[in-house]
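Report on one structure; see the data block that follows.
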Amino acid sequence: MNRRKGFVLIFSLLVTLMLSLLLTSFYVQNINEGNLARRFADSTRAFWLAEAGAANAYVNFPSGASGTLGGANYTYDAVVTPISGNYYTITSTGTVNRADGTAITRIITASVKTGNTSSTKFQYGIETTTELEVKGSVSINPSNSFKEFSTLDFSDLFGVTKVQMQAGATHAYTASNFGAPVDGITWVEVPSGERLNVSGDLSGSGVLVINGNTKFSGNVVFDGIIYVIGTLTMTGNVTTTGSVLAESSMSVDTTITGNVTINYNTDEITTALSSVASLNKQIVSWKSD
């Protein structure tokens, strides 16, 4: 009898031990699966953050982008790097900083091709579709850097249409609210029959497109490209470095008078066109880690 009781006791202890081992194994497995599930969720979240960074960098091209989504522990950082010619790389890193002090990162790399723009198509300090009338103390450098009765093709010059340029402008103004800042791409819409009068101080850079008749009569300093779709008159203290173009009606001359200095400069033209090239961009390849 005692032997049988001893055997039952031993068997009970073994069963209890096996059940304990099974429960411990099940508990550990649940913990591991929970950790794996949380890690997978954090990895997916980091991937989404990297996607957000790439998308913002594409919109803000070529400036790159950085920020947070859902809190300070969820960050993205995207960098735009020139490759060659009109090709660039966007490298976006999404990071999830976990409660245990570790971090999970995912990286997305995208290759971007921009539109073709060339400063060689801008060959003069001032170019106009009408007669160029010069009066007063006007200096054009070099002295032969002008062309009148020219044929200007906006899309050929910039690689984008006027509609694309207006839609992608950094700043959009009307004749009534035109002012600072003027950089990147600035589009000014002037109602038909009216004229934009720039009579105050203006300092700007990039590409300035004015869709309408324009008169500069103030103190103006501009580096880049000025393109006027309408009549152009300069009478103030104006200094431009780059190129000025006037797409005017054949019945109205382009008039420059006063203290005006027009400097033809390919470096400023190239810098201005860098903003335009990004308007006609596309992602040609994409990969993630």
Side-chain angles (χ1 to χ4, degrees), residues 38-99 101-118 155 158-174 177 179-189 204-209 223-225 268 270-289:
R38 284 189 291 272
R39 186 173 184 83
F40 176 78
D42 287 339
S43 178
T44 302
R45 189 176 287 113
F47 178 77
W48 289 342
L49 287 165
E51 279 192 327
N56 283 333
Y58 185 80
V59 172
N60 297 325
F61 188 91
S63 299
S66 62
T68 61
L69 283 176
N73 290 329
Y74 309 106
T75 65
Y76 62 83
D77 182 63
V79 178
V80 178
T81 305
I83 303 176
S84 64
N86 57 333
Y87 286 88
Y88 297 78
T89 295
I90 296 176
T91 304
S92 179
T93 304
T95 302
V96 174
N97 294 302
R98 311 179 78 195
T102 62
I104 294 179
T105 62
R106 296 289 299 274
I107 298 174
I108 288 176
T109 304
S111 296
V112 179
K113 179 183 179 182
T114 63
N116 291 313
T117 57
S118 175
S155 297
F158 291 104
V160 296
T161 65
K162 293 174 182 176
V163 173
Q164 288 175 306
M165 182 79 84
Q166 183 178 12
T170 312
H171 311 288
Y173 298 107
T174 63
N177 68 2
V182 178
D183 54 25
I185 300 173
T186 303
W187 184 282
V188 185
E189 192 69 23
S205 62
V207 177
L208 171 60
V209 180
D223 298 330
I225 301 170
E268 293 295 346
T270 299
T271 300
L273 289 175
S274 64
S275 297
V276 180
S278 64
L279 296 182
N280 191 16
K281 62 183 181 296
Q282 58 182 321
I283 294 177
V284 295
S285 67
W286 184 94
K287 68 176 182 178
S288 63
D289 61 352

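Sequence positions, counted from 1, serve as the residue numbers for this chain.
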### Reported CG-to-OG1 distance for the pair D77 and T105, which is rounded to 0.5 angstrom
12.0 Å
#### Entry: Contact summary for A46 and V96, nearest pair of heavy atoms
N-CG2, 3.7 Å
### Query
Can you name the nearest heavy-atom pair linking L49 to S92, along with the distance?
O-OG, 4.4 Å
#### Entry: Side-chain ion pair, D42 and R45, N-O less than 4.0 Å
yes
### Task
May I ask you to decide if I90's main-chain N or O and Y58's side chain share a donor-acceptor pair within less than 3.5 Å?
no
### Reported CE-to-OG distance for the pair M165 and S275, which is rounded to 0.5 angstrom
9.5 Å
### Message
Would you say that V207 contacts V209 through its side chain, given a criterion of any heavy-atom pair below 4.5 Å between the two side chains?
### Response
yes
### Message
So, taking the atom named OG in S118 and the one named CG in N86, what distance separates them when rounded to the nearest 0.5 Å?
### Response
11.5 Å
### Query
Taking all non-hydrogen atoms of both residues, which atom of N56 and which atom of Y76 are closest, and how far apart?
ND2-OH, 2.8 Å
### Query
Roughly how far, to the nearest 0.5 Å, is OG1 of T114 from CG of L273?
11.0 Å
### Task
Taking ring-ring contact (aromatic ring centres under 6.0 Å, His included) as the test, write out the residues that go with F158, two or more places apart.
F122, F154, Y227
### Partner residues of F47 under the ring-ring contact (aromatic ring centres under 6.0 Å, His included) criterion, sequence neighbours left out
none
### Task
Compare every heavy atom of W286 with every heavy atom of A110, then report the nearest pair and how far apart it is.
CB-CD1, 4.0 Å
#### Entry: side-chain contact (heavy atoms from CB on, under 4.5 Å) assessment of V276 paired with V160
CA-CA 8 Å; V276 180; V160 296; 3.9 Å; yes
### Query
What heavy-atom pair brings T95 and A103 nearest, and what distance separates the two atoms?
CG2-CB, 4.2 Å
### Query
Looking at CG of N97 and OG1 of T68, how far apart are the two atoms once the value is rounded to the nearest 0.5 Å?
11.5 Å
### From CG (L208) to CD1 (I185), nearest 0.5 Å
11.5 Å
### Task
Please answer whether the main-chain N or O of I107 pairs with a side-chain N or O of D289 as donor and acceptor at a distance below 3.5 Å.
yes
#### Entry: Y173: ring-ring contact (aromatic ring centres under 6.0 Å, His included) partners, not counting sequence neighbours
F178
### Summary
What one should report as the nearest heavy-atom pair of S43 and I104 is CA-CG2, 3.9 Å
